[in-house]
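Structure, as structure tokens:
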Amino acid sequence: METSRDAHALAHQEPAAPKIRITGVSKAYGVNTVLKNVDLSLAENSFTCLLGPSGCGKSTLLSMIGGFARPSKGSVIVDGSVISEPSADRGVVFQEYGLFPWRTALDNVAFGPMLAGRSRVEQVATAQRYLAMVNLAGHENKYPSDLSGGMKQRVAIARALANEPSILLMDEPFGALDAQTREILQEELLRICEQKKMTVVFVTHSISESIFLADQIVVMATRPGGVKEVIDVGLPFPRDRASHEFVALEKRIKQSVREEVDKLGII
Amino acid sequence: MVPELPQATPVAEPTSTRDGIPGVYRAFSIALFVLLWHVISVANRDLVHFFDPILIPGPVEVYQAGIEFSKSGQLQRDIIATVYRVVAGFGLAALTGLLVGVAVATWRPLAVLFEPVIELLRSIPPLAFLPMMVLWFGIGEASKIAFIAYAAFFPMFITTLEGVKFVDPVLVRAAASLGAKPMHILRYVVLPAALPGIITGLRLALSLSFFVIVAAEFVAADSGLGFMINDARTFFLMPQMLLGAIVTGIIGFLFNELFRLLEARLFRWRKGGRT
């Protein structure tokens with residue numbers, strides 16, 4: 001076990017308190033233990049991928065950081081305080097998009113600013129700015145049913161960003177998209193993360209996706225779910241999926257994940 | 001270019017081509033039916049003599065009855081009486097069905113308390129309670145309005161309940177992560193998501209209202225289209241009976257069309273299918 005208890009601090013930063021600290025978190029539904037004793041620290045403005053096969057509890061962990069579920073034991077601490085409910089400071093992007101079908105793309109993005117009590121003019125301006133950021137300028141008045149999967153997810157990302165959250169939680173956001181769209185959105189996500197300083201937690205079961213995006217990869221264990229190892233990727237951006245280092249890391253993580261899949265028995 | 005305000009482009013719902021049948025064919029189908037009715041009525045009267053001609057009036061006789069009744073003003077009085085009762089009873093049912101439906105769907109203790117009782121009452125045909133309602137509320141307006149309200153409450157309640165219960169949980173989570181508090185979630189997520197179901201409930205409740213008002217006016221009324229039909233029965237006035245039935249049908253149809261327009265207006269976002 002190489003579980004790092006220290007914050008993965010960026011080189012130019014002092015070892016400050018971690019943005020998100022998960023201490024001794026377990027989650028059980030009845031007799032079924034989904035997560036056992038998870039300890040994890042995520043530095044401010046870092047990009048972390050939670051990687052693992054289905055059933056490792058990665059989505060459960062994300063929903064606890066989101067405040068949708070509470071740990072059975074332990075606590076999730078953000079900016080020094082224990083979280084107990086969702087907050088506009090923690091944006092969430094879902095695999096199923098979660099767009100309001102009765103609101104246009106613009107009104108979906110304006111939803112957060114509207115709840116925050118901004119004037120209509122500000123709402124519209126903010127929504128237009130973020131739709132432009134995800135390259136959807138000109139699609140403001142379309143309803144979700146008129147958009148492709150990739151465009152829907154762009155709207156969902158813009159909607160989460162419009163609240164200017166300090167944390168962005170993404171639950172297999174590109175899982176339902178085709179391979180090409182997926183790669184384009186990965187690149188755009190990295191571009192957005194450069195522009196906006198955010199702490200990103202990204203759940204995926206794609207090894208390649210996690211190496212392409214993350215500062216650190218948390219490989220999840222199964223039976224019971226938990227943290228197996230934390231890997232600092234350390235490759236410079238933009239990353240080349242065909243490079244020797246990329247492929248070598250991919251191979252090493254594949255081995256690690258495979259062990260956990262094998263624990264599940266025949267699947 | 002980016003438009004300034006998010007006004008969606010209205011998409012005209014093809015109201016005249018419901019189920020893809022153009023309006024011309026609809027009119028033709030109805031005209032053919034009326035013609036057939038006329039032929040049967042005339043053939044029975046002049047050729048076959050199978051029934052007493054009094055029992056099978058044709059469209060012409062019904063039309064004449066309509067003219068006669070509207071000249072005396074009685075038709076208008078009966079229409080107003082019936083529509084007033086339906087609107088009042090239906091309005092009451094829509095409001096209480098909506099409120100109770102939302103409350104029961106969102107607050108578990110209420111569901112435990114009320115759902116079994118409502119399920120039980122729902123399985124009793126409302127007409128079974130009509131004589132009792134007449135005894136309780138008399139033969140005035142109150143008994144009819146209460147009876148419609150009672151009958152129409154159930155479809156309204158059930159569709160609202162289902163609509164609210166089966167809101168996509170991802171939408172609720174998404175709203176919460178964007179800063180929505182429970183009241184926001186009810187207003188901006190649950191109600192819009194349940195609205196299609198609620199509108200269906202309104203339509204069901206309305207057609208049930210017309211269904212039961214005619215029966216109620218048979219039993220206890222001195223005005224209204226149901227009374228007009230039942231009154232005519234006593235005197236063997238077949239054209240008058242059919243007139244009452246047809247007028248009730250037309251009014252029900254018009255109300256339903258009104259709801260279809262409302263639906264088309266509210267659910268522009270559904271045009272490309274559901275998300």
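Between B/V189 and A/W102, the closest heavy-atom pair is O-CH2, 3.5 Å.
Ranked by non-hydrogen atom pairs under 4.5 Å with chain A, the options B/S177, B/G179, B/A176, B/P169 are led by B/S177. Listed options A/F94, A/F68, A/F111 were ranked by heavy-atom pairs under 4.5 angstrom with chain B; first place goes to A/F68.
For B/R187, the CZ atom counts as loosely surrounded, since its 6.0 Å shell holds 12 or fewer non-hydrogen atoms of other residues, nucleotides or ligands. Other residues, nucleotides and ligands place no more than 12 heavy atoms under 6.0 Å from the CZ atom of B/F114. Under a cut-off of 6.0 angstrom, the local environment of CZ in B/F259 is crowded, with over 12 non-hydrogen atoms contributed by other residues, nucleotides or ligands. In B/F129, the CZ atom is crowded: over 12 heavy atoms of neighbouring residues, nucleotides or ligands sit closer than 6.0 Å.
For the pair A/L115 and B/Y188, the minimum side-chain heavy-atom distance is below 4.5 Å. Residues B/L171 and A/P101 are in side-chain contact: their nearest non-hydrogen atoms beyond the backbone lie under 4.5 Å apart.
Interface remark: A/R103 contributes side-chain atoms only to the contact with chain B (heavy atom separation under 4.5 Å).
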Inset, instruction - Please report the C-alpha distance between A/R159 and B/L178 in whole Å, then the side-chain angles of each, then the deciding distance to 0.1 Å, and finally whether the side-chain contact (heavy atoms from CB on, under 4.5 Å) criterion is met. - result: CA-CA 8 Å; A/R159 183 175 68 175; B/L178 293 165; 3.5 Å; yes
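By a heavy-atom distance cut of under 4.5 Å, not one residue of residues 182-198 of chain A is near chain B.
Here the CE-NE2 distance, from A/M114 to B/H184, works out to 7.0 Å after rounding to the nearest 0.5 Å.
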